[in-house]
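To start, the structure under review is shown below, and the notes come after it.
All values below were derived from every heavy atom in this structure, side-chain atoms included, with hydrogens, water molecules and symmetry-related copies excluded.
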Amino acid sequence: MKNWIQTFKKEGVVAKQAHYDLPEGTFEREVGKEGFFGPVAHFYHKNMPTGWIDFEGELQPRAFDTNKITDIESSPYKSPIIMHNASIKVRMLKIDESMNHLVSNADGDEMLFIHKGNCEVFCDYGHIKLSEGDYFMLPRCTKWRLEMDELCEILMIECTNAHYQFPDKGLLGPNAIVDPAVIEVPAINKTFKAQQNDNETWTHLIKHRNKMSCQIFPFNPLDAVGWRGNLMPIKLNWRDISPLMSHKYHVPPSAHTTFMGNRFIICTFVPRLFETAEKALKIPFFHNNDDYDEVLFYHMGSFFSRDNIHPGMITYHPQGFTHGPHPGAMKKAFKQDNAMTDEVAVMIDTRDSLEITTELEQTEWKEYVDSWKIKK
Ligand SMILES: [Fe+2]
């Protein structure tokens, strides 16, 4: 337990509770420690906290468009890292031909998120089909390869030198949000057995400390006839996530955590009902998440708190400055046109600052920082 320096105070005009029945004509801003799990303060401002008219310096909200990454790779680790720190490596893999070799990652567990396309995985644990919207977690050092007939676009998130875990669901109980029964695992099935061959030479590329080593086998090493235990790759489609929501309280992004890494989390935004109470805020609140960098990968749908964002784009909000909904979204802060959100997005929140690589910078939409400007 941390012994935070804290008490509870109210100064001036405030709401009785967060995100609800805001003082007339004010904009609420939340400032929080440790991704809002630590001490939090709510300010009630007369002006929009993102109402800047100019912005200089490196600390800026940024947006990138992975649709502009045109290189098609034949192997996952040829695909460049687009953002990273000591705990995480993110790649955008575009691949359209079945792999003729195996790969494994000795640097950490790997999470694939299938943005586009369908493919099949063959790995130490067997065979499984993946399609759009699937997460697939590969434990560190699992040998794997992909087969496909079409272009697949895959967001790959390495949990460097650590393990993916599920979040604690606390009061909600074990069947909430992601019921363990919806998780699928690879099978030693007919398709898997059919690819076993003792007379072929197979190459296995191992990534270790971000360098590749190569093993040659005189047989296909994906030759298990069975396996047992509680360590395995898992598949989860976003359609099997039952999102948390409240009719009265705008649930914070952390409530949508799907996987925990080491010093980062992966959250999934899936379609959910908007809040229905008249005075409840129906868009994300302005906030300073000052201990975390926030990355959003937009998968499908229309993104209700962002203007000019389309699937395949990434927004990056580094720790240390206020952000929140775009002006277009603010118009619907208390009244939405539809009953439900229509967005699917993968959020990566990192406790340590990320480095953005030139491969991603080349796709940057530089005007993003201006997209909060109110058009007169
Ligand atoms: Fe944020």
Side-chain angles (χ1 to χ4, degrees), residues 66-67 69 72-77 79 82 90-100 102-103 105 109-139 142-159 164 166 177-195 222 232-243 256 258-259 266-272 296-303 310-314 340-348:
T66 67
N67 296 297
I69 298 176
I72 309 291
E73 305 293 354
S74 56
S75 187
Y77 297 109
S79 153
I82 56 174
V90 182
R91 293 175 165 78
M92 188 73 206
L93 169 63
K94 302 200 177 190
I95 184 166
D96 63 358
E97 277 184 32
S98 297
M99 291 162 58
N100 62 2
L102 296 161
V103 292
N105 188 353
D109 288 356
E110 197 74 79
M111 184 70 70
L112 311 187
F113 177 77
I114 312 297
H115 175 51
K116 282 187 191 166
N118 298 284
C119 59
E120 298 181 50
V121 182
F122 294 84
C123 68
D124 284 322
Y125 296 80
H127 164 254
I128 193 165
K129 290 183 179 176
L130 300 183
S131 53
E132 167 273 316
D134 280 335
Y135 284 106
F136 186 62
M137 191 281 291
L138 284 149
T142 302
K143 292 191 280 302
W144 60 284
R145 66 185 173 85
L146 297 174
E147 286 194 3
M148 73 270 301
D149 299 320
E150 60 183 329
L151 175 67
C152 288
E153 297 188 20
I154 303 173
L155 187 70
M156 293 208 312
I157 309 162
E158 174 190 296
C159 179
Y164 279 112
F166 285 130
I177 312 177
V178 175
D179 188 321
V182 304
I183 300 291
E184 293 181 45
V185 302
I188 306 281
N189 55 19
K190 267 190 196 168
T191 312
F192 185 68
K193 288 175 185 163
Q195 55 94 56
L222 300 188
M232 66 201 78
I234 61 108
K235 175 173 105 167
L236 169 68
N237 192 282
W238 66 260
R239 293 170 181 82
D240 289 323
I241 297 174
S242 305
H256 303 297
T258 312
F259 303 104
I266 299 176
C267 305
T268 317
F269 296 126
V270 302
R272 61 164 176 84
L296 262 171
F297 175 77
Y298 299 89
H299 173 55
M300 65 189 294
S302 64
F303 304 103
H310 52 257
M313 288 187 77
I314 289 176
M340 294 189 72
T341 66
D342 176 36
E343 65 180 14
V344 182
V346 174
M347 184 172 88
I348 306 167

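- Note: T66 OG1 to I314 CD1 = 5.5 Å, rounded to the nearest 0.5 Å.
- Here CD1 of I241 is found 13.5 Å from CZ of R272. Values are rounded to the nearest 0.5 Å.
- Taking 4.5 Å as the limit, every side-chain heavy atom of V121 sits out of range of all side-chain heavy atoms of P186.
- Using modelled atom types, no side-chain atom of E153 and backbone atom of G312 make a donor-acceptor pair closer than 3.5 Å.
- Using a 4.5 Å cut-off on side-chain heavy atoms (C-beta onward), L222 and F192 make contact.
- Under the 4.5 Å side-chain criterion, counting only non-hydrogen atoms from C-beta, W144 is not in contact with L102.
- S98 and M148 get closest at one heavy-atom pair: OG-N, 3.0 Å.
- Here M232 contributes atom CE and I183 contributes atom CD1; the two are 10.5 Å apart, rounded to the nearest 0.5 Å.
- Applying the side-chain contact (heavy atoms from CB on, under 4.5 Å) rule to I72 yields the partners K94, D96, L151; only residues at least two apart in sequence or on another chain are considered.
- Considering I234, T142, I266 in turn, I234 is the only one that fulfils the side-chain contact (heavy atoms from CB on, under 4.5 Å) rule with M137.
- Here the straight-line distance linking atom NZ of K143 with atom SG of C123 works out to 10.0 Å at 0.5 Å rounding.
- Inter-residue side-chain proximity for T268 and H256 is flagged as unmet; no heavy-atom pair is nearer than 4.5 Å.
- Atom CE of M92 sits about 10.0 Å away from atom CD1 of I157, to the nearest 0.5 Å.
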Only distances under 3.5 Å count here; give the side-chain donor-acceptor pairs of residues 111-120 to other protein atoms, sequence neighbours excluded, each with its distance to 0.1 Å.
residue, atom, partner, partner atom, Å
H115, ND1, H299, ND1, 3.0
N118, ND2, E150, OE2, 2.9
E120, OE1, H127, NE2, 2.5

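- Contact annotation: the side chain of P139 approaches that of D109 to within less than 4.5 Å [non-hydrogen atoms, C-beta and beyond].
- Heavy atoms only, all atoms of each residue included: G133 and R239 are closest at CA-NH1, 4.3 Å.
- The side chain to side chain donor-acceptor pair (under 3.5 Å) test applied to E97 returns no partner, not counting sequence neighbours.
- Scanning for side-chain contact (heavy atoms from CB on, under 4.5 Å) contacts around E184 gives I128, K235, with sequence neighbours left out.
- Using a distance-only test at 3.5 Å, with no hydrogens or angles considered, no donor-acceptor pair links the side chain of D134 to the main chain of F136.
- Residues E110 and Y77 bring a donor and an acceptor atom of their side chains to less than 3.5 Å of each other.
- Using cut-offs of 30° and 60° on the angle between ring planes, the pair F259 and Y135 is perpendicular.
- Residues P243 and W238 fail the side-chain proximity criterion, which asks for heavy atoms closer than 4.5 Å.
- Note that CG of L146 is 10.0 Å distant from CZ of F122, once rounded to the nearest 0.5 Å.
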Under the side chain to side chain contact (heavy atoms under 4.5 Å, CB included) criterion, do E147 and Q195 qualify, and how do the steps go?
CA-CA 11 Å; E147 286 194 3; Q195 55 94 56; 5.7 Å; no
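- For S79, the side-chain contact (heavy atoms from CB on, under 4.5 Å) criterion is met by E73, R91, L93, not counting sequence neighbours.
- Residues meeting the side chain to side chain donor-acceptor pair (under 3.5 Å) test with D240, sequence neighbours left out: none.
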